[in-house]
Structure formats: C-alpha cells, structure tokens
Q: 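Take this structure first; my questions come after.
Computed from a predicted model, the values in this text were never measured in an experiment. Chain identifiers are assigned alphabetically (A, B, ...) following the order of the sequence lines, protein sequences preceding nucleic acid strands; residue numbering begins at 1 within each chain.
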Amino acid sequence: MSVSSEKNVQKSFTLPKSDFDQFFTLLAQMGTVYAAVKVSEQSFAFRAVTSAKQIAFDAIRTILPPKKFFYPPSETLITYDKDGIYENEPELEFKVIFGVHPCDLAGLGIMDKIFSSGHADSHYMRQREASFVIGHSCMPDKHCFCQSMGSDCAKSGYDIFLTDIDSDYFIEALTPAGDQFIALAQPILAGATDKDHERNHHFWETRSAAFTNGFNSSNLKVTMEGEWDNKLWDELGERCLSCGSCTPVCPTCYCFDLVDIASLNNDSGSRKREWDSCQFTGFAKVNGDFNFRPTPVDRLKFWYRHKLHGFDDAYADKTCVGCGRCTVSCPSGIDDIVAVVKALQVSSAAKTSEGADA
Amino acid sequence: MSVAKVLPTISVEGLTGCAGELLVILENLDHLLPYVRIKSFPFAQSRNEDGPVDITFVEGSVSQNHDLEKLTKIRANSRWLVAVGNCATTGCLQKASCQQCSAKSMMQAVYGNDSTMSVLPAQPLEHYVKVDVSLPGCPINATQFLAVTASLLREQLPYITSKPVCLECKMKENPCVLIEKNAPCLGPITAAGCGALCPSVGAACYGCWGVCDEPQIEAMKIILTEKGYDVDEVYSRLKAFGAPEHLFERMNKKAN
C-alpha cells in the first residue's frame, strides 16, 4: 500500500531534487524550518535549519520524536498572582517541520487524539495549529517495525508528503494548507504523470519488501494479557535501570508532572508541566508511601502494556508505532520490542498447543 | 511615618567544605535581598549576629569538634535548617576518604605530628541533628536553591525530585554517552538537578549529585560490567559522592 494509492482523490506533483533549494526557500517563507540534523556519530535531532544543506535526508530516526514541538519537555501552563490566575499563551513561532516519517506521523495522530479528546489541551492544540508538517518517505533499518504496527503508511498528520523517487520527489497534499503551499510552489512543480505514479508505487512496494524486523501483530492484545506473568518480564526487570529513557523518546508517551514554582516575593508564581516517566519509582507513589508499581518489573510491564495493548485513555488502543526509538535508546537493551513480542508469542503458542493436546 | 517591614531572617554558615555552596548562595544573593534580612553570613560579611533565625543554610560536613559545636548551636537557633551541597547532605568526599583510611594518618600526613586540630570522622549534618530540607549538589543548583528558599518563605516544605539525570539528558535531546561512547555514565542512577551538565558536553556523569530515588544499582552494575568496567571503580565514584552504604550491600548480595 502507498500513500498515493488513491491517486484520483489527491493531486500529485513531482519536484526534481535539483530544485530542492528553491522548494526549501518557499518552506522557509512560512516560518522556521525544522529538520533532522546529525548531532553525533549515531544520532539525529530535529533542529532549526536555514539551508537545505543542513538537512540529514538519510536520518532514520531522531532522538526525540516531533511530539516535542507541540508538547515540549517543559512549559509554563499558568501564572498566578494576588489578583488572579492567567493562562500562559506565549507568542507562537510558526513551525515548518520537514521530514516526518510515517511512524512519527502515526504517533502525531495518536497524540492529536489524546490531546484533543474531551477537555482539549489548549497548549498542545495551539502549537499544533501553528505548524506545517511535511512528511517524508524512508527506508527501514534493522530496528524499524512500523509495518507490524500498521503505521508504515502515512494516512494523516501531514500537510504535504514527499516520496523519494530517485531523481525526483513525488509530492502529495492532504490538507487545505498543503494545497495552498502547492499552489505557491506551482512554478517549480510538475504535474505527476502516469509514469511518476508508477515510480511512486514502485518505491512503496520496494519499501514494504525491505523490512527485516517485525512480528505478526494480529494477536498482540491477547498475547499481552495471557503472558502478563511470563518470567521474561522478571529477566527484563533485572536489567532495567528505571532511567526512563524509553518514554521521552516514544512518539506516544504523554505523561507529565505538574510543578508549582513560587516566586520569592511570595505573591505570584507559575505552574509548569514537565515530561515525566512511568519508569520512575515516584510516578505511582501515593500518600502513605504506598507505591502501585514498586519494582522495575511492574513499571516496565505497565509501559509495555500501554504500547502493545493500550489502556483506558482517549486512544484506547495499542500506542506503539514501531519507530524503534526505545530499542536504540535503552542503555540496558531491554526495549527490543520485537524480540520481546516474539518471545511472548512463542510462550503463548506453546500454551495453546498444550491446551489442544489435553 | 512608615513602619519598617519585618523581613524573615536567613543565615548562611559553613562547616568543613570547599565553600562551593557559599559561593553559589553569594552569587544569587541579589535575588534574595529584597525579601530577607541576612543575619549571619561570615563568608560574605563581617558583621554577623547570633540568635534565632528563620532559615539557616549550612554547607560542609561535620569533621571537627568545632563543626559539631557550631551545628548544635545553629540547630537550636534555626526554625528551618537546610543542608546545602553533598558534604552537608551525605558527607561526600570527606566521608568517603575517612572510610578508606584513618583520620589520624591523614591528619599526620597533612598537618604533621604537632597539630592541635581535633578531628571527627566526617559525617553529614543529619548524623547529629534534625535537618528540615536536604538540597544535594556539588555544588548546588542556583535555581533549586532559590526555589527552596521561596517555598520556605511561604511556609511550605519544598518538593525536590530525585529523578535520574537521564530525564534531563533526554529533555535536552543529548546523544546518550553510555550507549554511543560506552562511557561509564552514572546518569541512570544519579539524581538530576544539574541539567545533565557533563553528558551535555559528551562526558560521562560521575554521580556528583548523589543517587536518585531508588537507584537500580544492580542493573547499573550489570550494564557497566558488560561494557568492561571495573565495578570497584564505580563503587568508589558513587561512594565519593555519598551513595549510602546499604546500596553496596544490596549489590554484593545480588552478586553472591
């Protein structure tokens, strides 16, 4: 399947890669452009860029997912003084986020649903609205398993999407903002020909066949329920540092801590929200020093459950998008989701066959 | 005629330490001055008063008899006693050194045989007196110091989290030095507050803030051993910055 399989619905275009600098100039006219840049031997991060040359087009995954733009690591929600409480609404910088891969677009879709459901989170929503998202195709590495999680094809979350078809980009617009931009960029774009559609189709077919990592996810929820007491969790727990590295890097982890910061003059202050992690021992600790999840095993299982089974939040479904960030960010190597799922499935299958024999 | 506002009083005192926290406090005194009266701060001013005080910040470990006398007096006079820095909260390097060799031989080596100094085995403040708030750091973080002061001025005990340094690293989107450089980074078991200072410049965290809440020291041992590090080296680093002894008992028990 490809993002362009319904080519009649969307208008499609091509851009020669040699003209990308001009395309970038148009993007930069909308706002600050953020794209993946290389920050170390092995890592990339979304950073503000002023030229196309700075962009690491081959980046597979960034340290933090693009959620950081809309749900920043730390932000002031309200301020207060003797006269009242004020919503903190800082002036927004319009952000053009270039090069968001399908897994991250799926992650944004989940975050959008969670932050917009019920009493919508105005801080997230206004940041999200002040953005233009440019999706970008990618080829999987050995840690990518978005295919198993059904998030390998971008269906939403972007304004325009670029597929790398060798010497050109195949470009599709999804939103009115995307259409507007395409209209603006018209002079440097060409209408996609049947041949271009074929090339696009070919890319996505090749990509689908390129995955080397993954599992059959049809029975994931049942497996997670049935294998809740599997001894594998204890083995993983022994290695777990409870360092919380897995959650900030996850495109769909949204837990936070609220901190009130009193001013020294005792008559005003502010309330800040900061990323928290369910892996920290204090996360589920309540009054009387009681902890609902006292050990690393409890906490690790809880996180795995949210990712592979889901719980009663607005999304109510598994929230892993298969980006592989936790796998590469875990110092203990225990967040190899694919290996864990496969091991649980083997155990689950063994139980089923025992049941059939009996 | 205007009536002078009675400001809360603070004192800043040092026991045996490097005066690092005293410097941090001095550097940030401007923020405090409109709201408090400095009753005593021998490091910074020459005219100091005795007697009751609202908040006393104490740096350093109790390593000499006069430290203990001073601390006892401070406790009796202070409404809130805040231990600032790792020497005051854990004993830090001084305590760790005392555990490694005798105080007597150290004294002889440094001061010779004729010294009249009387030493005690270095201990954190809470070994002797009740401490209301412990603010770790080597040195302390200025923002945390001001936050603690603000809380106490409004009659609230401050909330100081001890989440690991890894959180601050991720919030700053630092590449992980433990993973990418195989550096012996103690970030996963060290309390945050420094803003992940060392990993932010590509160096391993050496645990100077003391351990985080419930450090997973057994797992840390497994991971560092797998990377080829000598666990004794990790012990000594952790001990230097005041990791409690019972952690190591737990770690050794697991290994046997």
Q: Check whether more than 12 heavy atoms from other residues, nucleotides or ligands sit under 6.0 Å from atom NZ of A:K285, and answer yes or no.
A: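 Atom NZ in A:K285 is packed in, count exceeds 12.
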Q: Please classify the contact of A:F283 with chain B as side chain, backbone, both or neither, using a heavy-atom distance under 4.5 Å.
A: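 Neither part.
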Q: Answer with side chain, backbone, both or neither: which region of B:Q156 has an atom nearer than 4.5 Å to a non-hydrogen atom of chain A?
A: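 Looking at B:Q156, nothing touches chain A.
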Q: How far does CD of B:Q216 sit from CD of A:E238, to the nearest 0.5 angstrom?
A: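 Going from the CD atom of B:Q216 to the CD atom of A:E238 covers 10.5 Å.
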Q: Please indicate whether A:Y80 has more than 12 foreign heavy atoms, meaning atoms of other residues, nucleotides or ligands, lying under 6.0 Å from its OH.
A: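 Buried by this count: over 12 neighbours within 6.0 Å.
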Q: Measure the spacing between NZ of B:K163 and OG1 of A:T281 and express it to the nearest 0.5 Å.
A: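 Here the rounded value is 12.0 Å.
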Q: Got a sec: does the NZ of B:K227 have more than 12 other heavy atoms crowding it under 6.0 Å?
A: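 Yes.
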Q: Which one, A:G237, A:G244, A:A45, A:G333, leads in non-hydrogen pairs under 4.5 Å with chain B?
A: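 Highest number of heavy-atom pairs under 4.5 Å: A:A45.
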Q: Does some side-chain heavy atom of B:M171 sit less than 4.5 Å from a side-chain heavy atom of A:S74?
A: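 Side-chain contact under 4.5 Å: yes.
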Q: Specify the closest pair of heavy atoms between B:A150 and A:A262, including all atoms of both residues, with the distance to one decimal.
A: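 Shortest heavy-atom separation between B:A150 and A:A262 comes out as CB-O, 3.5 Å.
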Q: What part of A:D260 gets closer than 4.5 Å to chain B, counting heavy atoms only: side chain, backbone, both or neither?
A: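 Answer is neither: A:D260 stays 4.5 Å or more from chain B.
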Q: What residue, out of B:K172, B:K170, B:E180, has the most heavy-atom pairs lying under 4.5 Å from chain A?
A: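 Winner by heavy-atom pair count: B:E180.
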Q: At a 4.5 Å cut-off on heavy atoms, which part of A:P331 comes close to chain B: side chain, backbone, both, or neither?
A: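 When you check distances to chain B, atoms from both the backbone and side chain of A:P331 fall under 4.5 Å.
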Q: Counting neighbours of CD on B:E155 that are heavy atoms of other residues, nucleotides or ligands and sit closer than 6.0 Å, is the number greater than 12?
A: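 It does: B:E155 CD has more than 12 such atoms within range.
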Q: Below 4.5 Å from any heavy atom of chain B, which atoms of A:I261 appear? Answer side chain, backbone, both or neither.
A: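 Contact with chain B: none, neither part.
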Q: So does A:L64 get a backbone contact from the side chain of B:E173, meaning a donor-acceptor N/O pair under 3.5 Å?
A: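 Here the side-chain-to-backbone pair exists.
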Q: Rounded to the nearest 0.5 Å, what separates atom SG in A:C240 from atom CD1 in B:I222?
A: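 With rounding to 0.5 Å, SG (A:C240) is 11.0 Å from CD1 (B:I222).
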Q: Would a 4.5 Å heavy-atom cut-off, applied to side chains only, mark B:E226 and A:R239 as touching?
A: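 Yes. Closest side-chain heavy atoms under 4.5 Å.
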Q: If I take atom CD1 from residue B:I179 and atom CD from residue A:Q42, how far apart are they, to the nearest 0.5 angstrom?
A: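 Output value for this atom pair is 8.5 Å.
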Q: So with a 6.0 Å cut-off around CZ of A:R271, is the heavy-atom count from everything else above 12?
A: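 Atom CZ in A:R271 is not packed in, count stays at 12 or less.
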Q: Please check if the number of heavy atoms outside A:Y86 that lie under 6.0 Å from its OH is greater than 12.
A: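 Yes, OH of A:Y86 has more than 12 neighbouring heavy atoms, counting only those of other groups under 6.0 Å.
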Q: Considering only heavy atoms, which portion of A:V249 lies under 4.5 Å from any heavy atom of chain B: side chain, backbone, both, or neither?
A: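 A:V249 touches chain B through side-chain heavy atoms alone.
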Q: Could you pull out the closest heavy-atom pair between A:S242 and B:P164, with the gap in Å?
A: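 Scanning both residues completely, I find the closest heavy atoms to be O-CG, 3.8 Å.
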Q: Taking side chain as everything from C-beta outward and backbone as N, CA, C, O, which of these in B:L178 sits under 4.5 Å from a heavy atom of chain A? Side chain, backbone, both or neither.
A: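 Side chain only.
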